[in-house]
Chemist: 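My questions will all concern the structure given below.
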Amino acid sequence: MSSDIPTPARPRVMGIVNVTPDSFSDGGRHLEPAAALGHARRLIAEGADILDFGAESTRPGAGPVTAETEIARLVPLIEAIRAESAVPISVDTMKPQVAGAAVAAGATMWNDVTALSHAPESLAVAAELGCEVVLMHMQGEPGTMQAEPRYGDVVAEVGAFLAGRAAAAVAAGVAREKIWLDPGIGFGKHMTRHNLPLLAGLRDIVALGFPVLLGASRKSFISAPDDASRPADERLGGSIAAALAGAAAGVAAVRVHDVRETVQALRVWTAIGQAGRGG
Ligand code: HH2
């Protein structure tokens, strides 16, 4: 017996490949090019639908990285994966030069935590590249954003910001169907007062009419309702809980470190949604 309840398709799973010496969640384990390539291959084998390569950490206090360094870390990896797999590749960078080099190497998505506002030419470069773009919300700057984040209504304010950046991107010539939105969990958000309401209010962000990417994996808000002493790589349960909250709200993709476990959770969630009454 089939269910009458419409079941949303499961969100796609974006696997994170950090090529940084100081990423908050995996401590730069993948800085070595060979290690990063091996990690990317493993995430593909585990069922990643998209890979997100980043070479600059946004962790508070992380040192700046030049465009040349980012390009030198990213391009060989993107080329190597492109040569052996058709998996869509995203590049996590705020620098238009890096996005351009990554797209030339085979990336098809520019994931920008500054929502194309870091450089004056970011919007025009995104239009020119013609790739998909992720516009993420952040309050403040990476180095200081967690000092004292303030909102009246966090869901409404993040939604208004994202709608404004999407309009700016369209005005600059980015095709509407290439635009993704991301509420930016942990980016200038109080652990519980802002991150949890944003996760609870994701439907309002989805209702803006663009695919939504949710990045909650291993973030520190997970330790607030749990054991605050747990390090980032012991937050799998909370990461999956957040991914399922995203799935229920209709997000299009989740950005995660633990691909195999997240794919399994989403498959089971989808199967439960599709199950009939039984018997
Ligand atoms: N979070 C991080 C980095 N990039 N991009 C999007 N679109 N959404 C996110 O939530 C997001 C992101 C931070 O996570 P991680 O890559 O694990 O750490 P680091 O910034 O230290 O590289």
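Computed from a prediction, not measured in an experiment: that's the story for all the values here. As the structure lists them, so they are numbered: ligands from 1, and atoms in each ligand from 1.
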Chemist: Using a strict 4.0 Å cut-off to heavy atoms of M136, name the atoms of ligand 1 that fall inside it.
Modeler: 6 (C), 8 (N), 9 (C)
Chemist: Please list, in number order, the atoms of ligand 1 under 4.0 Å from a heavy atom of G215.
Modeler: 10 (O)
Chemist: Under the 6.0 Å and 45° cation-pi test, does R73 pair with F53?
Modeler: no
Chemist: Please report the shortest heavy-atom distance between S122 and W110, naming the atom on each side.
Modeler: O-CZ3, 3.7 Å
Chemist: Where's the contact between L213 and ligand 1, heavy-atom distance under 4.0 Å: side chain, backbone, both or neither?
Modeler: side chain
Chemist: Parallel under 30°, tilted from 30 to 60°, perpendicular over 60°: which one fits the rings of H137 and F161?
Modeler: perpendicular
Chemist: So, for L266 and R10, which heavy atoms are closest and what is the spacing to 0.1 Å?
Modeler: CB-CD, 3.9 Å
Chemist: Testing the basics here: between M145 and G140, what is the closest heavy-atom pair and its distance to 0.1 Å?
Modeler: CB-C, 4.4 Å
Chemist: Enter the distance from N195:CG to K189:NZ here, rounded to the nearest 0.5 Å.
Modeler: 7.0 Å
Chemist: Return yes or no for this condition: an N or O of N18 is under 3.5 Å from an N or O of ligand 1.
Modeler: yes
Chemist: Decide whether the shortest distance between a heavy atom of T20 and an atom of ligand 1 is less than 4.0 Å.
Modeler: no
Chemist: Run the numbers for me: atoms of ligand 1, each under 4.0 Å from some heavy atom of D182, listed by number.
Modeler: 6 (C), 7 (N), 8 (N), 9 (C)
Chemist: Going by the atom numbers of ligand 1, which of them fall below 4.0 Å from some non-hydrogen atom of V113?
Modeler: 4 (N), 5 (N), 12 (C)
Chemist: Less than 4.0 Å is my threshold; does some heavy atom of R218 fall inside it relative to ligand 1?
Modeler: no
Chemist: Counting only heavy atoms, which portion of H257 has something under 4.0 Å from ligand 1: side chain, backbone, both, or neither?
Modeler: side chain
Chemist: How long is the straight-line distance from CG of L202 back to CD1 of I185, given to the nearest 0.5 Å?
Modeler: 6.5 Å
